[in-house]
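A, B, ... follow the sequence lines: proteins, then strands. Residue 1 opens every chain. What you see below is based on every heavy atom in this structure, not just the backbone, and it leaves out hydrogens, waters and symmetry mates.
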2 protein chains.
Amino acid sequence: MTSQAPPTKRPQKRPHNRIESRRENERTILSAAEKVFAEAGFGGATMQLIADVAGLPKANLHYYFATKEELYRRVVQDIFEIWLHAADSFDNAPDPATGIGAYIDTKMEISRRHPNGSKVWASEVMHGAPVIQDYLENTLRDWTDGRIRVIQGWIDAGKMAPINPRHLLYMLWATTQHYADFGHQVETLNGGKPLSEADWQAAKHNVKQIILRGISAV
Amino acid sequence: MTSQAPPTKRPQKRPHNRIESRRENERTILSAAEKVFAEAGFGGATMQLIADVAGLPKANLHYYFATKEELYRRVVQDIFEIWLHAADSFDNAPDPATGIGAYIDTKMEISRRHPNGSKVWASEVMHGAPVIQDYLENTLRDWTDGRIRVIQGWIDAGKMAPINPRHLLYMLWATTQHYADFGHQVETLNGGKPLSEADWQAAKHNVKQIILRGISAV
DNA sequence: AATTTTCTTGACCGGTTGGTCAGATTGTGG
DNA sequence: CCACAATCTGACCAACCGGTCAAGAAAATT
């Protein structure tokens with residue numbers, strides 16, 4: 001752009017104050033790290049590659065995140081937050097069809113919008129959760145126990161079949177996250193093309209249909 | 001053992017002929033590699049660690065498998081074979097309850113007996129299937145198309161609800177493999193103890209119950 | 001028993017990795 | 001405008017990794 005600069009006092013590009021710049025850089029790095037960790041795994045990812053994707057010198061990454069482990073930990077923690085918030089769809093639902101249906105919708109949407117995050121999470125758990133074991137043992141366990149109580153309440157109220165609530169949760173996690181974690185396989189079997197909007201709707205509909213009918217909630 | 005050797009001509013330890021020794025070593029290495037790849041991922045695994053687990057010098061690994069990639073490829077291929085053979089439960093079944101029920105049983109058993117293999121497979125696919133993309137595009141696609149035809153046949157014959165066969169297959173894969181790939185999470189939520197025989201039966205029963213009822217096959 | 005082939009292994013090598021650091025640059029408060 | 005602190009970065013390093021190799025040990029062949 002060779003046009004003259006506007007007469008406003010701000011330089012046309014960036015305000016570059018400290019706190020904004022810091023937040024912006026951290027976000028850029030975390031986003032790049034999520035992608036690289038998802039594609040290569042923790043061991044296969046390199047700080048140099050993350051730096052390249054982020055468009056920053058490698059040494060700059062170490063200014064914001066002291067070690068590779070620290071950066072990885074932050075990525076996993078951020079994903080876990082999103083994961084937990086999906087529970088909001090579950091609560092205050094009057095019946096299983098509403099609550100579980102909304103939960104499936106939300107988790108499918110997460111698989112669609114945050115496939116990299118889901119992969120990093122899956123990889124972390126698959127490798128024995130070396131950095132978030134405490135989350136599993138505390139936060140996730142409490143969360144799970146709470147949801148089991150909700151489901152058991154629905155069963156006791158005769159609103160759904162007496163299935164095992166814990167294993168139902170596993171099924172919900174497995175079926176929804178499959179579309180993120182195994183997205184490459186799904187895409188390959190879809191003729192090598194990403195799922196279309198209609199495909200996603202069909203997947204979502206199908207999962208809800210089978211599970212809700214499977215627990216006699218409809 | 002200070003007792004005298006038995007009078008039979010064979011030395012009490014090993015026959016050490018060439019072909020047996022080779023097969024034995026290959027099996028030891030592949031088993032160790034499967035474990036290490038499952039726990040650390042391809043990038044995180046080291047030939048030295050695999051050698052230590054196998055109880056062999058690292059240089060010996062390279063005698064049987066030229067490169068890390070070649071060893072990894074063999075591990076993944078072996079798993080894929082097991083995976084495909086699970087389809088036998090599917091074929092020649094008169095109705096969906098029998099066929100899909102048996103398939104779930106078989107795949108749950110694979111998750112139980114070969115959790116490491118399942119993890120390596122999951123990891124490979126999650127990272128974009130860099131070494132087995134051709135399997136996905138040919139063998140797996142054909143397999144999938146065949147099973148879809150079987151399911152569609154059942155639907156057309158009015159033996160089950162008109163769900164989307166492709167997405168049903170994804171559900172079957174996701175729910176059964178979850179117990180292997182996310183076994184650590186399941187174990188943690190199970191109080192840190194491995195699933196008991198009863199737990200496995202409950203899991204299997206629950207998956208079959210929900211899915212078979214979900215597709216109106218019972 | 002001699003010889004050839006297969007197998008085993010410690011030592012070694014070039015390349016890569018996570019991480020460091022000193023010095024340059026930039027924003028901020030006085 | 002100055003001084004100080006925060007930010008940025010090229011150059012560097014020790015550790016580690018996959019892979020090689022030559023020489024020895026063991027089995028098969030003659």
| request: Using whole Å, report how far CD of A:Glu70 lies from C1' of C:dG18. | output: 14 Å
| query | With sugar-phosphate meaning primed atoms plus P, OP1 and OP2, does A:Ala45 contact a base, only sugar-phosphate, or nothing at under 4.0 Å between heavy atoms? | reply | sugar-phosphate
| B:His114 and B:Glu34 side chains, donor-acceptor separation under 3.5 Å | no
| message | Rounding to an integer number of Å, can you tell me how far B:Met47 CE sits from D:dT20 P? | response | 10 Å
| What is the distance, rounded to the nearest whole Å, between atom CD1 of A:Ile29 and atom P of D:dT7? | 12 Å
| field | Rounded distance (Å) that lies between atom P of D:dT7 and atom NE2 of A:His62 | value | 17 Å
| Hey, are B:Glu81 and B:Gln77 close enough side-chain-wise for a donor-acceptor pair under 3.5 Å? | no
| said: Walk along nucleotides 4-16 of chain C from 5' to 3' and tag each nucleotide B, S or - by protein heavy-atom contact under 4.0 Å, base first, then sugar-phosphate. | reply: -BBBBBB------
| Matching residue for A:Lys35 among A:Leu49, A:Val75, A:Asn116, A:Ile50 - test: side chain to side chain contact (heavy atoms under 4.5 Å, CB included) | A:Asn116
| task | May I have the distance from B:Glu69 (atom CD) to D:dG18 (atom P), rounded to whole angstrom? | result | 10 Å
| task | Tell me, with the steps shown, if B:Gln133 and B:Glu137 meet side chain to side chain contact (heavy atoms under 4.5 Å, CB included). | result | CA-CA 6 Å; B:Gln133 180 64 25; B:Glu137 288 177 1; 2.8 Å; yes
| task | Report yes or no: does B:Lys68 contribute a side-chain atom to a donor-acceptor pair with the main-chain N or O of B:Ala45 at less than 3.5 Å? | result | yes
| note | The residue among B:Asp199, B:Asp105, B:Thr176 that forms side chain to side chain contact (heavy atoms under 4.5 Å, CB included) with B:Lys204 is B:Asp105
| task | Check the distance between D:dA28's P and B:Glu20's CD and give it to me in whole angstrom. | result | 10 Å
